[in-house]
Number of protein chains: 4
Amino acid sequence: MIRVSVVGATGYAGIELVRLLYSHPKVELVHLVSQSFAEQPISDIYPNFKGLLDKACSQLDIDKIAKESDVVFTSLPHGISNQVIPALYERGKKVIDLSGDFRYKSAEVYEKWYGIRHMSPDMLQASVYGLPELHRDEIKTARLIGNPGCYPTCAILGLAPLVKQGLIDLNSIIIDAKSGATGAGREPSQALHFCEVDENIKAYKVATHRHTSEIEQELSILAQREVALSFTPHLLPVKRGILSTIYANLKKSLTFGDVYSLYSEFYAGEPFITLHQEGSLPEIKHVNGSNNCHIGFVVDRRTNRIIVVAAIDNLIKGAGGQAVQNMNILFDLDETTGLRNPGWYL
Amino acid sequence: MIRVSVVGATGYAGIELVRLLYSHPKVELVHLVSQSFAEQPISDIYPNFKGLLDKACSQLDIDKIAKESDVVFTSLPHGISNQVIPALYERGKKVIDLSGDFRYKSAEVYEKWYGIRHMSPDMLQASVYGLPELHRDEIKTARLIGNPGCYPTCAILGLAPLVKQGLIDLNSIIIDAKSGATGAGREPSQALHFCEVDENIKAYKVATHRHTSEIEQELSILAQREVALSFTPHLLPVKRGILSTIYANLKKSLTFGDVYSLYSEFYAGEPFITLHQEGSLPEIKHVNGSNNCHIGFVVDRRTNRIIVVAAIDNLIKGAGGQAVQNMNILFDLDETTGLRNPGWYL
Amino acid sequence: MIRVSVVGATGYAGIELVRLLYSHPKVELVHLVSQSFAEQPISDIYPNFKGLLDKACSQLDIDKIAKESDVVFTSLPHGISNQVIPALYERGKKVIDLSGDFRYKSAEVYEKWYGIRHMSPDMLQASVYGLPELHRDEIKTARLIGNPGCYPTCAILGLAPLVKQGLIDLNSIIIDAKSGATGAGREPSQALHFCEVDENIKAYKVATHRHTSEIEQELSILAQREVALSFTPHLLPVKRGILSTIYANLKKSLTFGDVYSLYSEFYAGEPFITLHQEGSLPEIKHVNGSNNCHIGFVVDRRTNRIIVVAAIDNLIKGAGGQAVQNMNILFDLDETTGLRNPGWYL
Amino acid sequence: MIRVSVVGATGYAGIELVRLLYSHPKVELVHLVSQSFAEQPISDIYPNFKGLLDKACSQLDIDKIAKESDVVFTSLPHGISNQVIPALYERGKKVIDLSGDFRYKSAEVYEKWYGIRHMSPDMLQASVYGLPELHRDEIKTARLIGNPGCYPTCAILGLAPLVKQGLIDLNSIIIDAKSGATGAGREPSQALHFCEVDENIKAYKVATHRHTSEIEQELSILAQREVALSFTPHLLPVKRGILSTIYANLKKSLTFGDVYSLYSEFYAGEPFITLHQEGSLPEIKHVNGSNNCHIGFVVDRRTNRIIVVAAIDNLIKGAGGQAVQNMNILFDLDETTGLRNPGWYL
């Protein structure tokens, strides 16, 4: 059994990770760290665990955690992860970080978009961007994983084959993304009050959302040149799920079949990527509850544009599920262990 | 024109009242008091008013308000209303209070259920319980109205004819009520986070909710003896609306027709009461957006029980709309002025 | 009083129109035509009207309607409107049609996008596209109004000033629109089952939705050249509201202030257009329940792109409210009569 | 591996059962029968299965199914199950029926409440009511299981200990139940249109719902006398989950501790029953996604009444999950196999 601890277990991303780990056949949950709820049973905070996982949350004790765990997941606000991870890393632990702190190649880019100083810029070299579909080999031997953001996971997977093959105008990329409210985290605020979100939709952080830089980093690597794009997140009155509607101008005329073949080949053997046939498009209810990413497309000859629609569960493929997928790779397990279930649909 | 000020204009009950007053043909809005948002245009807080009502909110200035207003609505947390109203009342203003502070005949009952001391127990004699269907004549000449709670409005209107006529066992009354989340107010909290309310329903304050005492007070007056009943509120994943499903044992065998006649007679001429014919029952979408109370019933011969279903919009007939109705009575306007619209349904 | 009849009164667009007309101070509702519910009181179908409007629905009787009405609103499926309107028009009635049948200059365009033959192509010359902000003068003297589609209203209003002034690359326009489910109409279907829509979002009719052609027609007129654009509708788990997120490449560098001035001037005096200041963007809860269109924008210097966000209530400014606005113009009333209320927000 | 077929695989209860069986470690899915979608891959109907379970649905072929399956789940409308099950039963198959057809001891009761003739009244003796917490021993040796209704599962589990111990007045039982819309099935109808259910709640089939008789049957067995009770179902604007708020008069004074002990003892060792401590009550988000039933209570001394709150996921413990639990018992597996996961909460 892999001994696993979770630091930041009671946020929405944290508890979803705990839920997935609880059902993972090779995992033993050792420490659930939560400063806010230390000493309280996790099942008092999340009563869905009552009678199943009544373990008490604990304070952060780096030495104890390091000693008793094989891998530590950190699900803390950015800037805070930074303060915990080096200590764990030094003690030789494998760390999978769900914050934005270790996703970047460049501390400058991080600092520009996050507006804070990076505390461990030297560790960015050691860290690997944990998107298995693009970086599986690097992940295998990594000890520090920057688990991708939810929006970036969806957008990058939706665009990678086109960008890699140079089939679209890189200046024309527009990502219009819609996310469930769990993406905003558990902390109460006026904007997340039920009566503000229900029966509403809004765009937010237009042209300034941090995830823009993460998407651009990965697409630039694929394109082998700088990519600048428009990314607009929207808040949906649903709990889970991201749907990204992605627009780009085609550099030459392509049929649906051409594009389908390209994606099929690019993602051949990928256990969590599903392509939709012509006439069918992903919806968030197809993926919610699963680690799957669904991708579909429409080639619009009238405007010579491709519209890609990609969907993930922001809490699973966009956070905890992908983190578990990374753990499976790190520990040489079948990558789908604990993650084989279909979405819920209902 | 009636010069109107609202103290506590930016809570959910307050802003709904402002919305209703804005469309009222005989009202001039003078002061919108909000300590939290003083000096800010109301339309910055609630952008639905942009271009229509851009008036700035103001600090509480009792003298100014008293001088420049004919009537003041107070929509403040209980215990706080108490501190503002006597000052306004002394200055000769008419006051319609949306808190629980002036709904009671007895300071003891208030203090028992609210767990705080009543600051102006002597004013309870002057105040009138503002449910026009039961107390219209007293309202006409009152200067201080305790505007009824949302749950009590719905439950009392649903039960009044049966209780008044002595047709049910008064020990058997059970009110199972379901409310939209605006009823809990605007203040953010964990329990009101979108992701906690959405796709959920929960019972809360079972057997201890304050509104129990308000319902009991009014039914006791009608019955001319003490009534003790069970009241269970539930939080629904909707913004607006209360549906009360009310159970009581019949003291003698009655048909639907008997009950329908009883209610028709009791509520004859009431502009905001609508009865459903046999086979039809109220739903919150029938009343949301309106000041109407819909009532329907099923007589169950098998158990010799009557099930009454009553529905209101908690923010209108359960708060601001009823307050406007009371104002109309106080100023001798047609009682439906500004309140004639049907529910939205969609 | 204007004597008004509604043909197709029990669909969602029809009943919302009836609701608005019910509260209109200059309107007398004469006939509510509904083949499906003929002889039944409208308040049996929509119990929100119980006790307020219990008028029975009637069969379609062109002669009677024409004789007893000053204006007729038709809210029928496209292709069907076509069969009723010429008969009304011939009898000298003013007609405001909510279907797509009389929105087009060119029968060819209609036939291409709607896939059916237009039955009265010659009447397209007489009809006026009923978007008052662009065609007020023509509307004044028209007798047949093609009331705009919901998506087009939102998109055209969001783009008109930029297109008119030639400030954007006309080949770069992308409209990513999100709509509430009332837009799909009242007819039950698998895709509109509560359990299919709730907690979901999906794109549909990507690159093929009929409203594309309507938007292109109006923008082409403004631009004085052919415009071809991408339009992607999405179905939201809400009842009402459209949010359009619109992307276009700027032809020259502009500041927020430049754009705000442009829009302010273009829409000067428009009673139903509201602009958001820098840092604020429209949300559907700002407009739902009102005839208002809110518009905001972000100028993204990094990509030299403008992102416009526009919001309307699809059932009001996107259908019945705009139809009433057109009626007000036709009958020389103040254009805001019966339409002055702010959105509901809650 | 147990060879399993599902007849009626594409309804909401059917597909949820398929989802659970797909993840069951001892199950091989053999036939998915769906008359409506025969020959189509199940993943075309429910795209959440794309790439995971692309098996085609098949026509009903009793011989083939009987030959190739060890157990057959039937998820058909009542009255139809009746026509399939005897044929399967005769061929020696174990059958778990999710309809109401084999839940009754008495064909008369069934016929009275369902309003149709029972086609195989003689088989009611062979069938066992599949509520393991009450009938585990009978289930073990049964070949035909009448899998309980969703509302009855929740209500019976909530009341059983009190009724068995004779602690409540059996004439005083009131069950006010609230259910998600999946309980109404997949068939589109006006009443299940998104815009009719969203932002609404309604009571339906008040005093006449069929599940009343099922609850009364089981409570009467426990009480060893006839029980007649009030049961009111409500439709919630959520997909999943049932919350039952249950009222009964206590025959003698009890404390919370007394009741908690009673339930703890009654349900000792039950893997799917979870009790809430004083001050905590079940919510549907605690159980949705799991086979768990949560139960909490409030003893109200003021009215000498107990209020029990019980929650289940209507599609799991109220349908497919309980069916799998029954299968586990029938095949002598650990009863929790494939059902160990906690609820989703988010």
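Proteins come first, then strands; the chains are lettered A, B, ... in the order of their sequence lines, and each starts at number 1.
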Handout entry: Residue pair A/Gln322, A/Leu131: steps toward the side chain to side chain contact (heavy atoms under 4.5 Å, CB included) verdict
Key = CA-CA 8 Å; A/Gln322 187 146 264; A/Leu131 192 63; 3.4 Å; yes
For the side chain of [X] and the backbone of [Y], is there at least one donor-acceptor N/O pair under 3.5 Å apart?
X        : Y        : answer
A/Asp54  : A/Gly51  : yes
D/His31  : D/Val33  : no
D/Asn328 : D/Glu335 : yes
D/Asp313 : D/Gly241 : no
D/Asn147 : D/Ala319 : yes

Could you tell me which portion of [X] (side chain, backbone, both or neither) has an atom closer than 4.5 angstrom to a non-hydrogen atom of chain D?
X        : value
A/Ser290 : neither
A/Lys239 : side chain
A/Leu53  : neither
A/Tyr46  : both
A/Asn341 : both
A/Gln277 : neither
A/Asp198 : side chain
A/Leu315 : side chain

Practice task
Fit a plane to each ring of A/Phe297 and A/Tyr263, take the angle between them on a 0 to 90° scale, and name the class: parallel (under 30°), tilted (30 to 60°) or perpendicular (over 60°).
Solution key: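 Tilted: the ring planes of A/Phe297 and A/Tyr263 meet at 30° to 60°.
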Practice task
Starting at CD1 of A/Ile295, measure out to OH of A/Tyr267 and round the result to the nearest 0.5 Å.
Solution key: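 Output value for this atom pair is 4.5 Å.
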At a heavy-atom distance under 4.5 Å, which candidate from [options] has the highest pair count against chain D?
options                      : value
A/Tyr22, A/Tyr12, A/Phe49    : A/Tyr12
A/Glu16, A/Glu199, A/Arg340  : A/Glu199
A/His276, A/Lys285, A/His294 : A/His276

So which part of [X] gets closer than 4.5 Å to some heavy atom of chain A, the side chain, the backbone, both or neither?
X        : answer
D/Leu346 : both
D/Tyr345 : both
D/Asn288 : neither

Practice task
Could you check if a side-chain atom of A/Leu52 sits within less than 4.5 angstrom of a side-chain atom of A/Ser43, using non-hydrogen atoms only?
Solution key: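 No, their side chains stay 4.5 Å or more apart.
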